[in-house]
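This structure is a prediction, so every number in the text was calculated from the model and none was measured.
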Amino acid sequence: MAKLPTSTEKIIEQFGPTLNYPPKDGYVGRDEPDTIVKTHCCFCGMQCGIQLLAKNNKIVGFEPWMEFPFNEGRLCPKGVQRYLQNNHPDRIMHPLERVEGVGFKPTDWENAMSKTVSEIKRIQSTYGNDAFAMLSGVSLTNEKSYLVGKFARVALKTKNLDYNGRLCMVSAGAGNKKAFGLDRGSNNYSDLEYAEVIIVAGANISETFPTLTHWIWKARDRGAKLIVIDPRIIPLARTADLHLDVKPGTDSALYGAMLKYLVDNDMLDHDFIDNHTSGFQETIDAVKDYTLEWAEEVTGIAKHKIKEAAELWGKAKTSFLLHARGIEHHSKGVDNVLGCINLVLATGRIGKPYCGYATITGQGNGQGGREHGHKCDQLPGNRDIENPEHRKYISDVWGINEKDLPGKGLSAYEIIEAIHRGEIKGLLSICFNPLVSLPNSNYVREALEKLEYYVCIDFFLNETARHADIVLAGSLQEEEEGTTTSAEGRVIRIRQAITPPENARTDTSIILELAERLGAKDKFTYEDSEAIFNELRVASKGGTADYYGITYKRIEDEMGVFWPCPTEGHPGTPRLWEDRKFKTPDGKAHFNPAPYKLPGEVTDAEYPVVLTTGRVVSQYLSGTQTRRIGKLVAQYPEPLVEIHPEMAAKYQIKQGELVKVTTRRGEAIFPANIVETIRKDTVFIPYHWPGKKSANQLTPGTLDPISKIPEFKVCACQLQPLGEMAPPPEVTKAYASV
């Protein structure tokens, strides 16, 4: 038996061996749970396997799920604590109604539902169907994502539906579709182990996807070279062979210069380029002037480092390139993604064992959630809502006339802009907190205040929900059956461990009742989540995201199934493109020119400092869940502004001093954290906090013209020390008690 932890040895020494630790039949310090449920973490796209312990319809703990193949029992700080939110006193137990001058008061479901449907009908009869919009989220299961897409188009009959994946994966998705005709990372992550060179671009893996680090370390143990591209020396970069501290907003210049170096030094796979790709000549023409000297001036990276990175990548026999929001949250995010893909295609290292490319999904179901229909331009199976054949197929599945299926609507931030213009008067949201998540949050707040009616489905009263007229008490992940799709493209089972408490309801039952009250009951006759999934399978059949061959039983039996999986006899597809048959019209992978462009906002004399934003290890997205878990709050209780010592000296800023950060949108005050791990011309603020602590008070609403993703990663700011030290952060009693 493995050696026991020292603390346990001391307990046994004090109290004797009768504690029976490790437990054989029972559980030390608690009653035996009623059930142990194998399911998955509710947070990031890794979707780590976890066992939840339930007793008396409450989650009381967890155990590692050692057999699940991706994380093999490993969990990050958020995963270890994720079960604690289940019993938080902030949980919404009943529908809530806003009463002017009073605040929110509990109401009954009949009043909440009838008022909501009445207001939907009033607004749509007065202003048109599209005047009522819906915002959704990709922490929902595949079943609920599919259901939301169908509900908005068939019951709500609006084209204006979008989701918070618009803030996450859409630039990667657009780039993948342009290059490969399909939106999914090419490999499962176990392929990382045998890669000779790994590039990680704009992905703080150790803090935001900690369990993925294991597979990178396995490669490092075998001698793999690691290149990290980030303006900060993130934890993964501390032991990298090469850290390229790119100036925010100049990523495409770096990738273009690396591509030119590969071409000039003939580090190319000519057979792959000639026989399996198109667009190569146009792509290299776009970077013909991208010398190492030019790239050094633009990116701020020493030219010898750019050369070394290109040589390491060019000479490798196996390789893996991973990227995330750091290169995607830009007004040219799609170009950045294409720049990375061009490096992969030029060397032909894709569709082979241990040779891969992956876009790291940020949100829990960011992969599956963007495949099945709650994007403004998308139908299930990752079909195009403006393609007549796609529209006809889905209309037939749904039993509606194709002419009644709404067309392409507005993206998430564009919906906010439309509210300001008076074009959208009503809003329904689920699993989305735009007041914290969207850029230019003061502008978002003003939009919420202009709505004639806003209804929110959630389990906590998040910052956006506080502007609602009605809040419908919804469900946590562990309170419904379903599936999600991990960042690897593995479809997995979310198992119901408990039911919603008191008078709360499942999200699915709320949506189905709204559909019935809106007159579409005959289109929403599902007995359970599996019935919704089986319709999703049919709706996805023949699409690029084909789930038709995946069943609940197969997922159970096989520890998940990788899509595409077109038939029940198909084994699934852990590694894409081994047959060299890409999903583009010509069947080839497409190079795409990605010339360098300036970001939407550049520094000047008035705003001389670059501001970039991101995550920290203990928090997740808008913090609705993680800011209610005491140990996670204590780990990083408030946002800090990271400043390099040389910049701090220039502005006479001291460690812990309050600093006012001002941009063209507004200003906010943060304690200074003086660190050597950031570029000298850049400051960093994490974005998980609301109100006066929100980094998104400062960020611009500039959108990528293709993906419509906001440019969170670069804007111009000014710094002003306030001459007083920050008070100790407060961890409220409600948080500390959990």
Side-chain angles (χ1 to χ4, degrees), residues 135 162-175 202 231 246-254 298-299 323-339 362 375-377 409-421 432 434-447 594-615 622 661-668 681-687 694-718:
L135 290 172
D162 208 43
Y163 76 140
N164 62 8
R166 186 65 59 186
L167 317 178
C168 183
M169 294 294 299
V170 285
S171 288
V246 62
K247 182 178 181 180
T250 66
D251 305 84
S252 56
L254 170 62
V298 172
T299 66
H323 63 73
R325 309 303 80 71
I327 74 165
E328 297 160 23
H329 277 163
H330 293 267
S331 57
K332 48 188 178 170
V334 176
D335 284 348
N336 291 341
V337 170
L338 293 171
K375 287 175 66 179
C376 68
D377 57 352
L410 298 174
S411 67
Y413 194 77
E414 290 174 324
I415 285 175
I416 300 300
E417 293 174 323
I419 295 171
H420 274 279
R421 294 193 300 267
F432 195 171
L435 189 53
V436 179
S437 298
L438 284 175
N440 199 356
S441 57
N442 293 322
Y443 182 74
V444 176
R445 182 181 295 103
E446 292 168 5
Y596 170 66
K597 304 167 190 171
L598 289 172
E601 186 171 276
V602 296
T603 55
D604 56 21
E606 184 177 6
Y607 298 97
V609 178
V610 177
L611 166 64
T612 192
T613 65
R615 302 185 189 182
S622 69
V661 184
T662 305
T663 70
R664 293 178 175 89
R665 271 70 51 196
E667 60 186 42
D681 57 3
T682 301
V683 297
F684 168 85
I685 303 172
Y687 60 71
S694 174
N696 281 330
Q697 296 175 89
L698 309 174
T699 49
T702 312
L703 305 181
D704 183 293
I706 298 172
S707 68
K708 306 298 183 181
I709 201 169
E711 190 156 49
F712 291 105
K713 293 304 183 196
V714 52
C715 68
C717 76
Q718 57 181 239

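- Checked for salt-bridge contact, Asp335 and Lys597 meet the test: a charged N lies under 4.0 Å from a carboxylate O.
- Put simply, the side chain of Asp704 gets close to the backbone of Gly333: a donor and an acceptor are under 3.5 Å apart.
- If you check the side chains of Tyr687 and Arg615, you find a donor sitting under 3.5 Å from an acceptor.
- For the side-chain contact (heavy atoms from CB on, under 4.5 Å) test with Ile709, the passing option among Thr702, Leu703, Val334, Val170 is Val170; the others fail.
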* For Cys717 and Val683, what are the C-alpha separation, side-chain angles and deciding distance, and is it a side chain to side chain contact (heavy atoms under 4.5 Å, CB included)? -> CA-CA 9 Å; Cys717 76; Val683 297; 4.0 Å; yes
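- Atom CG of residue Leu698 and atom OG of residue Ser441 lie 8.0 Å apart, to the nearest 0.5 angstrom.
- The pair Arg664-Glu606 does not count as a salt bridge, with every side-chain nitrogen at least 4.0 angstrom from each carboxylate oxygen.
- The minimum heavy-atom distance between Leu338 and Gly175, with the atom names listed, is CD2-O, 3.6 Å.
- Inspection of the Ser171 and Ser707 side chains reveals an N or O donor paired with an N or O acceptor under 3.5 Å.
- Looking at residues two or more places apart in sequence or on another chain, you find no ring pair (Phe, Tyr, Trp, His ring centres under 6.0 Å) involving Phe432.
- Listed for the Asn696 side chain is no donor-acceptor partner under 3.5 Å among the backbone atoms of Pro439.
- Side chains of Asn336 and Glu328 form no contact here, defined as non-hydrogen atoms less than 4.5 Å apart.
- Between Thr663 and Cys715, the shortest heavy-atom contact is CG2-SG, 4.1 Å.
- Side-chain contact annotation: Ser694 with Gln697, donor-acceptor N/O pair under 3.5 Å absent.
- A salt bridge does not link Lys708 to Asp377: none of the charged nitrogens lies less than 4.0 Å from a carboxylate oxygen.
- Side-chain contact between Arg665 and Asn440 is present, with heavy atoms from C-beta onward closer than 4.5 Å.
- Residue Tyr596 holds its OH atom at 11.5 Å from CG of Leu254, rounded to the nearest 0.5 Å.
- Atom NE2 of His330 and atom OG1 of Thr250 lie 8.5 Å apart (nearest 0.5 Å).
- Residue Gln718 comes nearest to Tyr607 through the heavy atom pair NE2-CE2, 3.7 Å, listed as atom of the first residue, atom of the second, then distance.
- In this structure a side-chain-to-backbone donor-acceptor pair under 3.5 Å is present from Thr613 to Phe712.
- Residues Lys713 and Thr612 come closest through the heavy atom pair O-OG1, 2.7 Å.
- Under the 3.5 Å distance criterion, the side-chain polar atoms of Lys332 are left unmatched by any main-chain donor or acceptor of Gly600.
- Separating the OH atom in Tyr163 from the CG atom in Leu135 is a distance of 12.5 Å, to the nearest 0.5 Å.
- Side-chain contact between Arg445 and Leu435 is present, with heavy atoms from C-beta onward closer than 4.5 Å.
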* Going through the checks in order, is the side chain to side chain contact (heavy atoms under 4.5 Å, CB included) test met by Val714 and Glu601? -> CA-CA 7 Å; Val714 52; Glu601 186 171 276; over 6 Å; no
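- A distance of 10.5 Å separates CG in Leu438 from OG in Ser622, rounded to the nearest 0.5 Å.
- Of all heavy-atom pairs between Arg166 and Pro710, the closest is O-CD, 3.9 Å.
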* Report the C-alpha distance between Leu410 and Asp162 in whole Å, list the side-chain angles of each, state the deciding distance to 0.1 Å, and finish with yes or no for side chain to side chain contact (heavy atoms under 4.5 Å, CB included). => CA-CA 7 Å; Leu410 298 174; Asp162 208 43; over 6 Å; no
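- Residues Pro248 and Thr682 share a closest heavy-atom pair of CD-OG1, 3.6 Å.
- Note: Glu711 CD to Thr699 OG1 = 10.5 Å, rounded to the nearest 0.5 Å.
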